[in-house]
Participant: 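Before we start, here is the structure in question, set down as structure tokens.
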Amino acid sequence: MPVPEIADHLGRAPSTIYRELRRNVFEDKEMPELNGYHALLAQKIYEERRAIHRKLIRHPEIKAAVEDALKSGWSPEQIAGRMRLERHPIRVSHETIYRFAYSKEGRAVQFHRHLSEHRRRRRPRGQRRHQHGHIFEAQSLRNRPDEVAERQEFGHWECDLMMFRKEHGKVNVTSLVERVSRLTVVLRNEDRQSKPIVEALIGGLSKLPADARRSITFDRGTEFSARPQLKDGMGTDSWFCDPQAPWQKGTVENTNNRLRRDLPRTTDPTTLTPKRLRTICRKLNSTPRKCLGYRTPAVVFESRLLEISNRLE
């Protein structure tokens, strides 16, 4: 069939067909009977040509740097954003990283295992299940001032508990995230009783200036029912999600997903020392975040504390 007829049949320009043939026609002088265009062979040639142009294949040093960052808990977006911020001469986009991870070459070296979800194929993330209790006469999140809800004011935190398998006992971990800077603080609890959990919160935050601990948002789990102690102990307000809606404190929920890389449910929480928890927080707080313009939570938090200090002088 002539090229113009092929182009008309496929709805393509004749130049596209000529270009495809020019690139992928097989020629062998010793076996001329095999010469011509073969679809499967053309596909193989195309894939080899694409592989040559992939930056993570052409530049093994960039692939090694990306792999090291992924192993440290950075996401592909964080890696790409940091490269732009630091003006690397050779940069890759987050999509390039994902495509390589799920390409034939990436699968051959199991590159997808360095991604946070360790999935073999890209697919939408399923919904996480939540358990919930009830707190009566709580301050509803819907009444939270706009400057808090829209992250315009520093010093407002979200809080949650991270639980582990029952065979490890009642020990659990409190995760705290400041909403503007995304700074994370992790505290160990010996059980789920509300009073000691809230006392640990006071101990962990009371050293900060008052403007850096204005409020904490909780879900309606009964482990946070001792909330009045926060106001009495350090003047911190409390806000609570609507019933059965812990997703309303999405910042700490997202942070818990990140923390699970180092604190999976199989962890024995009785082995968690303050030093180990500080190390985990330090790694998370020194990771650049897209929402912070690829600055780190530690840098943003320190700059906000400095602003408060300068105001008070």
Participant: Could you go through the side chain to side chain contact (heavy atoms under 4.5 Å, CB included) check for L183 and V177 one step at a time?
Facilitator: CA-CA 5 Å; L183 186 95; V177 185; over 6 Å; no
Participant: Using the rule that Ile, Leu, Val, Met, Phe, Trp and Tyr join whenever any side-chain heavy atoms are under 4.5 Å apart, tell me whether I216 and V185 fall into a single cluster.
Facilitator: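 Yes: a chain of side-chain contacts under 4.5 Å links I216 to V185.
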Participant: If you apply the rule side chain to side chain contact (heavy atoms under 4.5 Å, CB included), what do you find for M234 with L205, and how did you get there?
Facilitator: CA-CA 9 Å; M234 58 178 180; L205 298 181; 4.0 Å; yes
Participant: Would you tell me whether T287 and R258 have side-chain atoms, one donor and one acceptor, within less than 3.5 Å of each other?
Facilitator: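 There is no such pair between these side chains.
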Participant: Are the side chain of N172 and the backbone of D191 linked by a donor-acceptor contact shorter than 3.5 Å?
Facilitator: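 Yes; judged by distance alone, with no hydrogens or angles, the pair exists.
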Participant: Do E153 and R179 have side-chain heavy atoms sitting under 4.5 Å apart?
Facilitator: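 With C-beta onward as the side chain, the pair stays apart.
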Participant: Tell me every residue that passes salt bridge (Lys or Arg N to Asp or Glu O under 4.0 Å) with D211, counting only those two or more places apart in sequence or in another chain.
Facilitator: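 Expected list: R214, R311.
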Participant: How long is the straight-line distance from CD1 of I79 back to CZ of R91, given to the nearest 0.5 Å?
Facilitator: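 Atom-to-atom, R91:CZ and I79:CD1 are 15.0 Å apart.
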Participant: Would you kindly say whether T217 and R144 are connected by a side-chain donor-acceptor distance under 3.5 Å?
Facilitator: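 Distance-only check passes for T217 and R144.
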Participant: Is there a chain of hydrophobic side chains (I, L, V, M, F, W, Y, each step under 4.5 Å between heavy atoms) that links W157 to L161?
Facilitator: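 As far as the 4.5 Å side-chain criterion goes, L161 and W157 are connected within one cluster.
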Participant: Around atom CD of Q193, are there more than 12 heavy atoms of other residues, nucleotides or ligands at under 6.0 Å?
Facilitator: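 No, not enclosed.
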Participant: Return the minimal non-hydrogen interatomic distance between R265 and M163, and the atom names on each side.
Facilitator: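 In terms of heavy atoms, the two residues are closest at NH1-O, 3.6 Å.
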Participant: Using side-chain heavy atoms (C-beta onward) and a distance below 4.5 Å, is L277 in contact with T279?
Facilitator: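 No, their side chains stay 4.5 Å or more apart.
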Participant: Counting N and O atoms only, with roles assigned by atom type, does the side chain of S309 sit under 3.5 Å from a partner on the main chain of L306, one being a donor and the other an acceptor?
Facilitator: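 The answer is no, because no donor-acceptor pair under 3.5 Å joins these two groups.
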Participant: Any idea which heavy atoms bring C159 and L176 closest together, and the distance?
Facilitator: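 Taking C159 first and L176 second, the nearest heavy atoms are CB-CD2, 3.7 Å.
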Participant: Does some side-chain heavy atom of R260 sit less than 4.5 Å from a side-chain heavy atom of M162?
Facilitator: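 A side-chain contact under 4.5 Å exists here.
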Participant: Kindly give the heavy-atom pair with the smallest separation between N285 and T184, and that separation in Å.
Facilitator: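 Smallest heavy-atom distance, with atoms named: OD1-N, 2.9 Å.
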Participant: What closest approach, in Å, do T296 and S286 show between heavy atoms, and which atom pair accounts for it?
Facilitator: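 Looking at all heavy atoms of both residues, the shortest contact is CG2-O, 3.4 Å.
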Participant: Backbone N or O of R12 within a donor-acceptor pair of the T16 side chain at under 3.5 Å?
Facilitator: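 Looks like no, no N/O pair under 3.5 Å.
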Participant: Any side-chain donor paired with an acceptor under 3.5 Å for D242 and Q248?
Facilitator: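 Looking only at side-chain atoms, Q248 and D242 do form a donor-acceptor pair, the distance falling under 3.5 Å.
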Participant: Is a donor on one side and an acceptor on the other found under 3.5 Å between the side chain of R188 and the backbone of L272?
Facilitator: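 Indeed, once roles are kept as given, a pair shorter than 3.5 Å links the two residues.
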Participant: Under the side chain to side chain contact (heavy atoms under 4.5 Å, CB included) criterion, do I202 and T236 qualify, and how do the steps go?
Facilitator: CA-CA 9 Å; I202 295 173; T236 300; over 6 Å; no
Participant: Is it the case that one hydrophobic cluster holds both V66 and I90, taking links as side-chain heavy atoms less than 4.5 Å apart, direct or via other members?
Facilitator: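 The answer is yes; both residues are in one hydrophobic cluster.
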Participant: Just one of K290, R289, R82 clears the salt bridge (charged side-chain N to carboxylate O under 4.0 Å, His left out) bar with E77, so which one?
Facilitator: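 By the salt bridge (charged side-chain N to carboxylate O under 4.0 Å, His left out) criterion, E77 pairs with just one of K290, R289, R82: K290.
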Participant: Quick check: do L259 and L284 have side-chain heavy atoms less than 4.5 Å from each other?
Facilitator: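 The answer is yes, as the side chains (C-beta and beyond) meet within the 4.5 Å cut-off.
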Participant: Let me see the working for S206 and R213 under side chain to side chain donor-acceptor pair (under 3.5 Å), right down to the final yes or no.
Facilitator: CA-CA 8 Å; S206 59; R213 46 174 171 80; over 6 Å; no
Participant: Is R84 salt-bridged to E86, going by a charged N under 4.0 Å from an acidic O?
Facilitator: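 Salt bridge between R84 and E86, a charged N being under 4.0 Å from a carboxylate O: no.
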Participant: Given the rule that I, L, V, M, F, W and Y join up when any side-chain heavy atoms are under 4.5 Å apart, are V299 and I308 in one cluster?
Facilitator: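 No; tracing contacts between hydrophobic side chains, which count when under 4.5 Å, never links both residues.
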Participant: Any non-hydrogen side-chain atom of V300 less than 4.5 Å from a side-chain atom of P297?
Facilitator: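 No, every pair of side-chain atoms sits at 4.5 Å or beyond.
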Participant: Do you know the tightest heavy-atom contact between P145 and W239?
Facilitator: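 What the structure gives for the nearest pair is CD-CZ2, 3.7 Å.
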Participant: Under a single-linkage definition using a 4.5 Å side-chain heavy-atom cutoff for Ile, Leu, Val, Met, Phe, Trp and Tyr, are V186 and F164 assigned to the same hydrophobic cluster?
Facilitator: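 Linked within one cluster.
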Participant: Step by step, work out the salt bridge (Lys or Arg N to Asp or Glu O under 4.0 Å) result for D268 and R165.
Facilitator: CA-CA 8 Å; D268 182 354; R165 289 187 173 175; over 6 Å; no
Participant: Looking only at atom types and distance, does a side-chain atom of R261 sit under 3.5 Å from a main-chain N or O of G73, one as donor and one as acceptor?
Facilitator: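 The answer is yes, because a donor-acceptor pair under 3.5 Å joins these two groups.
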Participant: For the residue pair V180 and R151, what are the closest heavy atoms and their distance?
Facilitator: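 Residues V180 and R151, closest heavy atoms: CG2-O, 3.6 Å.
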Participant: Apply salt bridge (Lys or Arg N to Asp or Glu O under 4.0 Å) to residues R182 and E178 and explain how you reach the verdict.
Facilitator: CA-CA 5 Å; R182 272 67 168 188; E178 200 283 316; over 6 Å; no
Participant: Kindly determine whether N256 and S175 satisfy side chain to side chain donor-acceptor pair (under 3.5 Å), including the steps that lead there.
Facilitator: CA-CA 7 Å; N256 286 349; S175 55; 2.7 Å; yes
Participant: Within a strict 4.5 Å, meaning less than it, do heavy atoms of the E158 and F218 side chains meet?
Facilitator: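 Not touching, per the 4.5 Å side-chain cut-off.
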Participant: Does the side chain to side chain contact (heavy atoms under 4.5 Å, CB included) test come out yes or no for Q152 and D146, once each step is laid out?
Facilitator: CA-CA 8 Å; Q152 297 173 358; D146 291 342; 5.7 Å; no
Participant: Distance check, rounded to the nearest 0.5 Å: Q78 atom CD versus L292 atom CG?
Facilitator: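 Going from CD on Q78 over to CG on L292, the span is 9.5 Å.
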Participant: Tell me, do S181 and F154 make a side-chain contact under 4.5 Å, heavy atoms counted?
Facilitator: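 The answer is yes, as the side chains (C-beta and beyond) meet within the 4.5 Å cut-off.
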Participant: Quick check: F111 with Y102 (ring centres under 6.0 Å apart)?
Facilitator: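 That pair fails the under 6.0 Å test.
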Participant: How about Y98 and L115: do any of their side-chain heavy atoms sit closer than 4.5 Å?
Facilitator: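 Yes. Closest side-chain heavy atoms under 4.5 Å.
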